[in-house]
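Heads up, the thing below is written out as structure tokens.
Any value given below was found using the heavy atoms of this structure, including those in side chains, with hydrogens, waters and symmetry copies removed.
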Amino acid sequence: MGAGAGSGRGQLFLHTLLFLLLAGPPARGQLRYTVPEELEHGAFVANLGEDLGLDVSTLSARRFRIVSRAGARQHLEVNLENGILFVNERIDREEVCEAGGTCLLHLQLLVESPLELYRVEVEVLDINDHAPTFPWQEYVLEVAESAVLGARFPLESAQDPDVGTNSVHTYRLSPNGFFSLEVQTRSDASKFAELVLERALDREQQRVHRVLLTALDGGIPERSGTAHILVTVLDANDNVPAFDQPSYGVSLPEDAPAGTLVIQLNATDLDEGPNGEIEYSFSGHAPPRVRELFHVEPRSGQVLLKGRLDYERASIHELYVQAKDRGPSAVAVHCRVLVHLLDVNDNAPEVTLTSVSTPVLEDAPPGTVIAVISVLDRDSGDNGRVSCEISPNVPFELRSSFRNYYTLVTTQALDREVVPEYNVSITARDMGSPALLTRSTLTIPVSDVNDNAPRFLQPSYSVYVMENNAPGASICSVSALDPDCQQNAYLSYSIADGHIHGMPVGTYVSINSDSGHMYALRSLDYEQIRSFQIQVQAQDAGFPPLSANVTVHIFVLDQNDNAPVIVSPMPRNGSVATELVPRSARPGYLVGTVSAVDADAGLNSRLSYQLLQATDFTLFSVAPDTGELRTLRSFLEQDASRQQLVVQVRDGGQPALSATVSLLLSVVETMPQTLSDFSEFSLPPEVSSSSPLSLYLLVSLGSISFTFLLAILILTAIRCRGERRSRQGDSCSPPRCHCCPGSRPSSDGLKTSNLTAQPPAGTTAATCLDVPGGGPPGYCYKVCLGPESAQSDFMFLKPCSPPRNNVKDPGKKSRPEQHLQVSKEAKQPNTDWLPPSTQRAALKRY
């Protein structure tokens with residue numbers, strides 16, 4: 001047993017060495033290698049990376065692999081680290097190739113980026129791994145004792161699955177005194193043994209003879225199989241059946257139905273009676289597949305079809321039929337029947353998607369490979385020739401790379417927003433008659449690219465918001481659409497930076513980044529702001545992100561939230577406003593005008609006046625539109641000297657707001673010179689307090705005035721203090737020049753001098769002013785300015801073009817100290833604010 005194992009390893013080494021020597025340089029376009037069967041896992045077959053000229057370091061990245069049909073066993077595999085083709089699992093040649101002849105493994109190699117296909121054929125070499133075997137371990141051979149010397153008795157052949165020299169080579173018979181062995185060769189080179197009678201048999205002396213038949217193959221080491229032959233000596237039946245011919249050939253279409261007559265065999269036997277009756281049957285070595293497909297009628301010799309034929313599985317079937325008479329010592333004779341199958345177009349093409357790269361980007365350039373498609377038709381000839389095509393009106397096409405291999409590529413740019421998915425129908429059609437076809441649908445989804453910017457539903461938005469809205473209330477909603485999908489279509493809304501009346505826009509409104517709902521962050525006031533606009537941006541989440549802007553115009557609607565404010569007449573010191581009316585007033589006499597203002601707008605600010613209460617409604621009336629208070633009739637003696645009136649002012653809002661004012665009219669015989677309360681137009685405290693803007697203006701004006709007066713006082717004090725210190729060096733004579741504090745006012749009352757003196761830096765300007773036509777000439781006004789005040793922008797004086805003596809001296813330049821004259825005419829006080837002369841006496845009483 002150990003010697004056999006050692007010799008087996010030696011034979012395996014020799015076959016491997018032979019394989020390496022025979023594997024020459026690969027053919028261009030298609031490589032062919034040889035490999036012995038029964039090699040262990042990992043055995044070297046070929047260096048594909050070197051033979052194909054591929055970079056070994058990129059094999060893994062380019063997904064270099066062997067493409068095989070689903071369910072097929074992977075006998076060979078490629079090492080992606082070094083590109084070596086090795087044995088993946090044990091190869092049994094007899095299992096891979098049921099029929100004899102050359103056993104080839106067809107490999108399809110695929111490498112991507114770029115996509116390339118290679119075809120490789122690997123021939124599996126036979127090794128002597130099977131010993132010859134007989135159908136039975138013991139044969140019973142009946143030989144008539146009348147058999148003549150030299151009679152031949154064919155024996156059952158031994159079978160060896162190996163081929164060539166590894167198959168059955170010869171037979172050997174154990175030594176005996178009656179029989180010898182001769183080895184015969186058939187037309188197909190197979191061998192069988194015949195037992196030759198060398199010595200006459202005598203049944204009475206020895207009824208049974210036992211010999212050992214050994215079948216030997218031609219392999220190295222030699223393998224053998226044995227069978228015991230039991231020769232029983234019978235009485236004479238000296239003729240054996242004989243077939244018309246030793247071998248028969250017949251053709252049969254593969255779609256022949258069960259029960260079809262394959263062949264009618266005929267064998268003859270010259271004997272008579274039972275010795276001449278022949279029975280037909282399969283020989284003992286008929287394989288199970290043959291017994292499943294065919295049936296032999298024992299009496300008629302008809303070979304009938306029993307099962308379903310398949311040309312693609314086996315194109316030829318070999319049947320061994322034996323004929324044997326029914327007489328004693330019957331001897332079986334054999335014949336061979338070769339059944340050739342005719343191919344029928346019974347197999348539709350098979351479409352296999354070898355490699356699919358989906359989804360495809362919508363910006364993929366034309367010519368991008370989407371899938372590799374292989375088609376296969378198991379039929380032969382025209383029945384196995386296949387053409388492939390795809391459905392029309394799709395941006396794809398098929399390109400043939402190898403026979404029965406196609407690549408599906410793009411022909412034009414894709415647009416996911418137009419067609420998000422393609423269902424490509426692939427049709428494979430053979431050339432048979434009738435032609436068979438197979439359709440397969442490939443779904444190609446188009447992957448989105450952020451190539452569409454958001455688009456608002458409206459070019460701009462106009463929003464109307466009622467004033468006094470609640471902070472945080474929703475005012476509107478903007479919406480945008482993005483034709484892209486997933487993250488590229490997810491939109492976020494934001495408000496662009498800006499200012500509204502000096503305040504950031506973010507203090508007025510906010511927006512929900514997801515929904516686009518806008519909210520007011522403060523209560524809006526129509527009287528302060530009536531409209532404003534903001535920019536809203538919608539941006540998607542793609543890379544790079546795309547955005548769009550829209551303008552939102554927000555208009556504040558007025559609400560009747562301000563009641564009318566009475567501005568005239570105004571009560572004095574909290575008392576009722578009073579007015580004097582002469583008793584001699586005639587109908588239509590204008591007593592006064594009630595004036596009111598309303599901060600609202602439109603109908604909300606349209607005011608109407610009416611007399612709400614009166615001592616006598618027949619005496620006075622109020623104009624609804626102007627508020628003029630007039631008498632309706634002349635006064636009578638019985639009319640009261642004091643008339644109490646209440647005037648209501650109502651606006652036109654809904655609901656309407658109103659204000660009232662109480663008037664006390666005194667009927668007098670003669671009108672004193674007094675100021676009427678109707679002339680008081682200053683805003684009451686209610687109006688001032690009701691308007692924040694007015695309050696701010698008043699406070700600002702008061703602060704500026706106070707600061708201005710304080711600065712004047714401080715500046716005057718500083719100047720006068722400096723004058724006292726520099727009085728010793730004045731250029732004016734003491735009788736005529738006095739410092740500002742020592743000057744006396746003019747007898748004309750108010751004197752206005754617009755003087756501007758700009759002495760050189762570091763000097764003190766002393767300016768004497770003569771007042772022509774007014775005031776004593778001995779008075780001198782001196783402007784005392786320090787060095788630091790020469791640069792001050794606060795000036796009271798303006799230059800006077802005539803010199804002091806009114807004589808032009810073109811030859812002299814003006815000196816730094818210029819004498820300016822005061823305007824000849826003093827400005828008179830403004831009398832526009834004074835009351836009429838008839839009411840001045842009344843004012844003196846107050």
So, [X] and [Y], do they make that salt bridge, N to O below 4.0 Å?
X: R93; Y: E38; result: no
X: E421; Y: R416; result: no
X: R336; Y: E318; result: yes
X: E112; Y: R65; result: yes

Point to revise | Trace of the side-chain contact (heavy atoms from CB on, under 4.5 Å) decision for V536 with M518 | key: CA-CA 10 Å; V536 176; M518 297 180 61; 4.2 Å; yes
Check your understanding: Stepwise, does the side-chain contact (heavy atoms from CB on, under 4.5 Å) test hold for Y118 with L54?
Key -> CA-CA 12 Å; Y118 301 94; L54 299 177; 3.7 Å; yes
Check whether any side-chain heavy atom of [X] sits under 4.5 Å from a side-chain heavy atom of [Y], and report yes or no.
X: D310; Y: E254; value: yes
X: L442; Y: L353; value: yes
X: P420; Y: V446; value: no
X: T551; Y: Y461; value: no
X: L414; Y: V419; value: no
X: I370; Y: F396; value: yes
X: L109; Y: L117; value: no
X: I511; Y: H517; value: no

For the [atom1] atom of [X] and the [atom2] atom of [Y], what is their distance to the nearest 0.5 Å?
X: Y405; Y: L110; atom1: OH; atom2: CG; answer: 8.5 Å
X: F294; Y: L304; atom1: CZ; atom2: CG; answer: 10.5 Å
X: N345; Y: N383; atom1: CG; atom2: CG; answer: 4.0 Å
X: S281; Y: E297; atom1: OG; atom2: CD; answer: 12.5 Å
X: S440; Y: E350; atom1: OG; atom2: CD; answer: 11.5 Å
X: T407; Y: I373; atom1: OG1; atom2: CD1; answer: 8.5 Å

Compute whether any side-chain donor of one residue and acceptor of the other, for [X] and [Y], lie under 3.5 angstrom apart.
X: Q486; Y: D448; answer: no
X: E123; Y: T102; answer: no
X: D377; Y: N347; answer: no
X: E397; Y: T411; answer: no
X: N488; Y: D482; answer: no
X: R62; Y: T58; answer: no
X: S380; Y: D343; answer: yes
X: D160; Y: S167; answer: no
X: S247; Y: R186; answer: no

Under 3.5 Å, is there a donor-acceptor pair between the side chain of [X] and the main chain of [Y]?
X: S60; Y: L80; value: no
X: H41; Y: N88; value: yes
X: Y33; Y: V120; value: no

Check your understanding: When the ring planes of F243 and Y280 are compared, do they come out parallel, tilted or perpendicular, using 30° and 60° as the limits?
Key ->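 Rings of F243 and Y280: tilted, as their planes differ by 30° to 60°.
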Within a 6.0 Å radius of atom [atom1] on [X], are there more than 12 heavy atoms belonging to other residues, nucleotides or ligands?
X: E81; atom1: CD; value: no
X: R291; atom1: CZ; value: yes
X: H169; atom1: NE2; value: no
X: R90; atom1: CZ; value: yes

Which pair of heavy atoms, one from [X] and one from [Y], lies closest together, and at what distance?
X: R378; Y: E312; answer: O-CG, 2.6 Å
X: L436; Y: A348; answer: CD1-N, 3.8 Å
X: R429; Y: A435; answer: CG-CB, 4.2 Å
X: T410; Y: P365; answer: OG1-O, 3.1 Å
X: P221; Y: D217; answer: O-OD1, 4.4 Å
X: V360; Y: A364; answer: CG2-CB, 3.8 Å

Review point. Does the ring centre of F282 sit less than 6.0 Å away from the ring centre of Y320?
Key: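 Judged by ring-centre distance (under 6.0 Å), Y320 and F282 do not meet the cut-off.
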Check your understanding: After noting the C-alpha distance and the side-chain angles of V303 and H295, does the key distance pass the side-chain contact (heavy atoms from CB on, under 4.5 Å) rule?
Key -> CA-CA 6 Å; V303 179; H295 169 68; over 6 Å; no
Exercise for review: Could you please spell out the steps behind the side chain to side chain donor-acceptor pair (under 3.5 Å) verdict for N423 and T441?
Suggested key: CA-CA 6 Å; N423 292 318; T441 300; over 6 Å; no
Check your understanding: Given L338 and V250, is the side-chain contact (heavy atoms from CB on, under 4.5 Å) satisfied, shown in steps?
Key -> CA-CA 6 Å; L338 292 178; V250 64; over 6 Å; no
Point to revise | Y490 and its side chain to side chain donor-acceptor pair (under 3.5 Å) partner, picked from D484, D540, D514 | key: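 For Y490, the side chain to side chain donor-acceptor pair (under 3.5 Å) check succeeds only for D514.
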